[in-house]
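Please read the structure below before turning to the comments.
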Amino acid sequence: MANVIVVGAQWGDEGKGKITDLLSASADVVVRYQGGVNAGHTVCVGEQTFKLHLIPSGILYPETLCVIAAGTVIDPAVLLEEIGRLHALKISTANLFIAETAHVTMPYHRLIDIAEEERRGKNRIGTTGRGIGPTYADKSDRTGIRILDLMHPDTLREKLQWVIPLKNVLLERLYELPPLDVDQVIAQYLDYADQLRPHVLDASLLIDKAVRTRKNILFEGAQGTLLDLDHGTYPYVTSSNPVAGGACVGAGVGPTIIDRVIGVAKAYTTRVGEGPFPTELKEEIGQHLGEKGAEFGTTTGRPRRCGWFDAVIGRYAVRINGLDCVAITKLDVLDELDTIKVCVGYKVGDKRIEEFPSDAHLFGCCEPIYEECPGWLQPTGDCRTLDELPNKARTYLEFLAKQMGVPIALVSVGPNREQTIIVEDPIHGPKRGLLGDIGER
């Protein structure tokens, strides 16, 4: 039995969907523990591509229980659309469960999110406009609507008859938008409630029963470490805690049940939205990475900013999450490059920094210090073992592992399930990887 957390080790979009899907083959339960429909996980199986936003990647395995936990925020309309798309592809959602204590994204959350982002002007954060931040804000303000409220019409009506008039003041007077009709919103969300009711339960209790019966549980995060509300590049962050510690809070379990934490990082670095990005490449190589890696947001379609691998961020992710091992994705995107650079530290004035600075202003002033690795100029998409990789590709991976101080357990060389090199079983194997004892926790 193993209870494992999968977490993004960069700014999100690292390929967690594929890695979670791959590991779900050994999981009895997959739990999505935070975030909302601002997340986008792409999973390729054979000729089919699945784009998931709220539903855990394990849904593609019919025997696996999939749980959307209390730490998430749920837009019922988007969730029902996602369920409908899966049904159209003959994928069952009978094993999908929703935490009754998860908070609900309401129409006013989306309107306020978009309006506030426009109001920020040049200081915009780069949100998806899906209402995630305002939903979490109401949760903290204790004025939020929970899935439980949707299950009780009188409670929902009582709360919305008080909340919506307050939101309408904001919409009309601050953002100059038309007000929402209370009765219309109530009717719409009661309809959502009827459709979602068969999936709603006490998720923490379900997970606890799985722990006590020694099931394999996979905890799936959204976004990435550098977008964490407390430990990311604030204010250019998401509104929840994608880091490994957020899994326990979001799922309603204690930290003592966690056996292993797996980080996912691209072989280079990307970022969506605003904020400092020391290794960003704005010229030809950056465009090559974007095109070769199909770097467009699953949720928004926005092009991702691309840059060289940042080992400073990698080391920070290892520290903040307590990573046991790392999965490196999209190695194949680098196949055509003569030279590949890795950021091993930062320079600010005459000072060298080798650890991620918590000071946002300082981080914005950081210039990358690079070490160069020779490219391998050979396709890697058909490689299935380390021995089949070009020697220079192996050398590059070894360098990344040494810089981060943690072993590499998986290497992805393409979007499909089978395009994966399993160095060691990241769930059941010993806590070793590509580097053996180097970097062992």
Supply the atom-to-atom distance [X] [atom1] to [Y] [atom2], rounded to the nearest 0.5 angstrom.
X	Y	atom1	atom2	value
Leu410	Leu23	CG	CG	6.0 Å
Ser24	Ile59	OG	CD1	10.0 Å
Tyr316	Ser358	OH	OG	7.5 Å
Lys16	Leu22	NZ	CG	15.5 Å
Asp191	Ile186	CG	CD1	14.0 Å
Arg212	Leu205	CZ	CG	9.5 Å

Specify the closest pair of heavy atoms between [X] and [Y], including all atoms of both residues, with the distance to one decimal.
X	Y	value
Thr420	Val413	N-CG2, 4.5 Å
Val237	Leu226	CG1-O, 3.9 Å
Val182	Pro165	CG2-CD, 4.4 Å
Ser239	Leu229	O-CD2, 3.7 Å
Ala265	Ala9	CB-CB, 4.1 Å
Pro198	Asp194	CD-O, 4.0 Å

Just wondering, do [Y] and [X] contact through their side chains at under 4.5 Å, heavy atoms?
X	Y	result
Cys366	Pro357	yes
Asp324	Val406	no
Cys248	Phe219	no
Ser204	Val253	no
Asp21	Leu60	yes
Ile145	Leu156	yes
Val67	Tyr33	no
Leu331	Ser412	no

Is [Y] paired with [X] through a side-chain N to carboxylate O contact shorter than 4.0 Å?
X	Y	result
Arg305	Glu274	no
Asp13	Arg304	yes
Arg130	Asp113	no
Arg146	Asp149	no
Lys292	Asp335	no

Val333/Tyr268 under side chain to side chain contact (heavy atoms under 4.5 Å, CB included): CA gap, chis, key distance, verdict: CA-CA 9 Å; Val333 174; Tyr268 50 101; 3.6 Å; yes

Is the backbone N or O of [Y] less than 3.5 Å from a side-chain atom of [X], with the two atoms forming a donor-acceptor pair by type?
X	Y	answer
Asp359	His361	yes
Glu82	Leu54	yes
Ser92	Ala94	yes
Asp259	Asn3	yes

Less than 3.5 Å apart, any donor N or O on the side chain of [X] or [Y] sitting next to an acceptor on the other?
X	Y	result
Tyr175	Glu118	no
Asn241	Asp230	yes
Thr329	Lys18	no
Asp138	His103	no
Asp310	Tyr346	yes
Arg271	Thr233	yes
Ser57	Glu220	yes
Thr93	His87	yes
Thr225	Asn321	yes

Residues Lys266, Thr270; criterion side chain to side chain donor-acceptor pair (under 3.5 Å); working and verdict: CA-CA 8 Å; Lys266 280 177 183 164; Thr270 63; 2.9 Å; yes

Worked verdict on Asn95 versus Thr64 for side chain to side chain contact (heavy atoms under 4.5 Å, CB included): CA-CA 7 Å; Asn95 287 338; Thr64 301; over 6 Å; no

Leu96 and its side chain to side chain contact (heavy atoms under 4.5 Å, CB included) partner, picked from Leu86, Leu65, Ile83: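 With Leu96 as partner, Leu86, Leu65, Ile83 yield a single side chain to side chain contact (heavy atoms under 4.5 Å, CB included), made by Ile83.
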
Heavy-atom count around [X] [atom1] within 6.0 Å, excluding the residue itself: above 12?
X	atom1	value
Gln184	CD	no
Tyr234	OH	no
Glu388	CD	yes

Side chain to side chain donor-acceptor pair (under 3.5 Å) between Thr135 and Thr105, intermediate numbers included: CA-CA 6 Å; Thr135 309; Thr105 296; 3.0 Å; yes

Working for salt bridge (Lys or Arg N to Asp or Glu O under 4.0 Å), residues Lys330 and Glu295: CA-CA 11 Å; Lys330 294 196 174 184; Glu295 296 297 352; 3.0 Å; yes

Stepwise side chain to side chain contact (heavy atoms under 4.5 Å, CB included) test for Thr20 and Leu218: CA-CA 8 Å; Thr20 303; Leu218 194 61; 3.7 Å; yes

Full working for side chain to side chain contact (heavy atoms under 4.5 Å, CB included) between Leu160 and Met106: CA-CA 10 Å; Leu160 289 182; Met106 304 298 295; 3.9 Å; yes

Near-ring test Phe277/Trp11, centroid separation under 6.0 angstrom: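 Yes.
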
Centroid-centroid under 6.0 Å between Tyr396 and Phe309 rings: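 Ring centres of Phe309 and Tyr396 not closer than 6.0 Å.
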
